[in-house]
Structure formats: C-alpha cells, structure tokens
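Before any comments, here is the structure.
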Amino acid sequence: MSAIALGATLYIPVLRPNLIEICLGSNPELRSVAVCLEDSTREDELEIARTRFSSFLVDLNRITPRIAIYVRPRDVAMLNWMIAQPGIEAVNGFILPKVESSSIAHWLSVMVGTQHTFMPTIEGAEAFDRAALDQLCKQLLPFRDRVTAIRIGGNDILNILGVRRSKFRTAYDGPLGAVIRDMAATFIPAGFSVAAPVFEHFNAPDVLREEVERDIEHGLLTKTAIHPRQIGVIQSCYQPSSCDLLEAQAILNAEARAVFGSQGSMCEPATHRRWAGNIIARAQTYGVDESDIISPMRIA
C-alpha cells in the first residue's frame, strides 16, 4: 500500500473493545489503522494485551479486513513474538517505535525474515540531528521498497523538550516545524514517504485543516489520526482541486510544451512532473474538490 492510500492512519490501543468492528469497516472513511501495544498499553496491562492481540489475529483471519492494518510492538522482542503468532499474515505490516541509528539494525534483522511492510518511527533526540537522520536514511535504503512511510513521533519528540502541542497553532509554528522539514528533506528525496505527526487536539478542526494543508506543502501525504472525527478533515484535504488536477494532467501529457501557463502560473513538466503524479494519485484515491471548476481553455 502506498503512503497516499493510507490516508489518516488511526491509532487504536489493542485493548479497544470494538477493534475488530473497526477493521470490518464500521467507519466508512477509515483507510488504515495502527493497532498499538506500545505507549497506549500500561506495564500492568501487558499480558492481557498480548492475549487480546492473539485473539485479534484469530478474528482477523475469519473476516476480510476493509482497511490496511499495521501493528505497533513494544520492542524488538515483542516484534519477534508477534511474527511467530498464528495468523500474523492477516496484518499488512508493523510500525517500529523509537527507531534510532544505533537500534535500527536490530529491527531490520527481524524484518529480513518476513514479507511484511513496515514503518519506522523517529521519535527520539536524533530527530534534531540531521547527521543522524542521514545515517538512518542510508541504513534503510536497502529496504526502501518495504518501507510504506517514515513516521514522525511528534508527541515523543516534544516530550524531550518538556512541551506540548498548542491547540491554536499548527506543528509548523512550533518546535516540530524544523523537525518535519529536516525529515522531509532527508527521506523524501531518497525515495521514502514521510507520515505527518498527529494533532492531538481533536476539537480544533480548523487548525487541523490548516496543518494538513501545510503537510501537503512539505510533501507529507499521509497523517496519523488520534480520533475518528479527524479522519474526514484530513482526507478531505487530500482531495486535489479541479484546477490542480487539470494542470497535473496537462503537465503529464506526452505532447506538453516545455513551459506553458495556467491560471496565472508557470507549468514546467521537467520540474513539476513528480508533483503532478502525486496529484493524480490523490485524485484517484480521494476524488476531486470541484468547488473551483475551471475551463480547460484557460490553460495556454
């Protein structure tokens, strides 16, 4: 599954009572989930969480999931345990928590023996270290085709600074802004997708919408969600405008001129081709926002 197709990935504790119903499609907007046995599970709940996960796999193999299912282990030992569980083939992949350049080899040594995709999560002090990010990127390059996205653990990163997300400003207006830009600049040019961090304040849809728009500007085309009401807000932002779709189609046209104008902007296939491909993929997945329908005659 491509990162674009993940949409808003909803984090769900494994102890959530209606977990299997969610995977059956009880929320028609939902496209992917992260079933968590890490931070969302207390130490004293660990054994019951393991039991619940094993039961979840049994249930999952009796149904046809309507969404992509990723699971988040607590550590490398739990990942080994998960992979050994009967029915683990029913999940799409794993989210690897708290990945660092010093620990990624341990995670990858386990993933080598599986066919699953995975998403490393960067949420430690190395998030502030561009050299460490470059090293992680090099370590992950041999697995690029199996990495659905690099995830940004925003809340853990902010915890290092002893601060919390504002309810009134986007991530880009606080300490996470530089982190997101560095991760995007490190991993996207190397061919990886990057997932945007969660906005934990689920009663602030306008700020969330603004943040997703800025995610898109930075090349982040999937986002962690912490509450079901965020899903529609996030994924509606992934609908390209009819103007953008028209320009993307013109840019990808085999007979396109080297440079042409559209809606007062310059279009240059040599430099805009990758953007155009993302617009097409978003339109195919989420549809088109037709509130700004324009005439093809306005491209010249």
Side-chain angles (χ1 to χ4, degrees), residues 1-9 29 31-32 68 117 119 130 133-134 137-138 140-141 143-150 152 170-173 177-196 208-223 232-300:
M1 174 171 275
S2 69
I4 288 175
L6 290 177
T9 300
E29 294 180 305
R31 305 181 65 86
S32 61
T117 57
M119 293 191 275
R130 186 63 185 270
L133 294 178
D134 287 338
C137 185
K138 291 175 183 176
L140 287 166
L141 273 176
F143 296 82
R144 182 170 54 190
D145 291 343
R146 292 178 59 191
V147 175
T148 310
I150 306 295
I152 301 174
T170 74
Y172 297 90
D173 301 309
V179 170
I180 296 171
R181 284 186 280 273
D182 280 351
M183 289 200 191
T186 300
F187 290 99
I188 295 177
F192 295 98
S193 296
V194 176
L208 174 61
R209 186 172 291 105
E210 180 186 353
E211 181 166 299
V212 177
E213 290 172 355
R214 296 184 71 174
D215 290 339
I216 294 170
E217 289 179 356
H218 285 76
L220 281 59
L221 299 174
T222 180
K223 190 174 183 70
V233 176
I234 293 170
Q235 294 181 171
S236 66
C237 293
Y238 293 153
Q239 287 187 318
S241 68
S242 60
C243 175
D244 280 350
L245 179 60
L246 188 61
E247 290 182 354
Q249 291 169 335
I251 287 166
L252 295 176
N253 190 314
E255 299 180 358
R257 295 193 298 275
V259 179
F260 59 91
S262 173
Q263 303 295 299
S265 299
M266 179 190 76
C267 293
E268 187 176 34
T271 57
H272 296 150
R273 186 171 301 278
R274 189 172 179 183
W275 168 86
N278 285 334
I279 291 293
I280 298 296
R282 286 165 53 194
Q284 291 172 340
T285 305
Y286 300 103
V288 179
D289 178 0
E290 298 183 345
S291 61
D292 67 337
I293 294 177
I294 63 174
S295 167
M297 296 301 292
R298 298 186 69 181
I299 287 185

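For the numbers below, each heavy atom of this structure counts, side chains included, while hydrogens, waters and symmetry mates do not. Computed from a predicted structure; not experimentally measured.
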*Side-chain (Glu211) to main-chain (Thr170) donor-acceptor, under 3.5 angstrom*: no
*asked:* If we ignore hydrogens and angles and just use 3.5 Å, is the side chain of Gln235 paired with the main-chain N or O of Ala8 as donor and acceptor?
replied: yes
*Which atom pair, heavy atoms only, marks the closest approach of Leu245 to Ala283?*
CD1-CB, 3.9 Å
*Heavy-atom closest contact (Glu29 atom, Gly232 atom, distance)*: OE2-CA, 3.5 Å
_Please give me the minimum heavy-atom distance between Ala68 and Leu6, naming the atom from each residue._
CB-CD2, 4.3 Å
_Within the structure provided, determine whether Ile279 and Glu247 are in side-chain contact (heavy-atom separation under 4.5 Å)._
no
*asked:* Please give me the minimum heavy-atom distance between Thr222 and Ala3, naming the atom from each residue.
replied: CB-O, 3.2 Å
*With a 4.5 Å heavy-atom cut-off, do Arg144 and Leu141 have their side chains touching?*
yes
_Gln263 side chain vs Cys243 backbone, donor-acceptor pair below 3.5 Å_ = no
*Taking all non-hydrogen atoms of both residues, which atom of Gln239 and which atom of Asp289 are closest, and how far apart?*
CB-N, 3.9 Å
*Taking ring-ring contact (aromatic ring centres under 6.0 Å, His included) as the test, write out the residues that go with His272, two or more places apart.*
none
*Beyond-backbone contact of Thr117 with Val147, side-chain heavy atoms, under 4.5 angstrom*: no
*Taking all non-hydrogen atoms of both residues into account, name the closest pair between Tyr238 and Lys223 and its distance.*
OH-N, 3.4 Å
_Contact between Leu140 and Ile150 at the side-chain level, heavy atoms closer than 4.5 Å - yes or no?_
yes
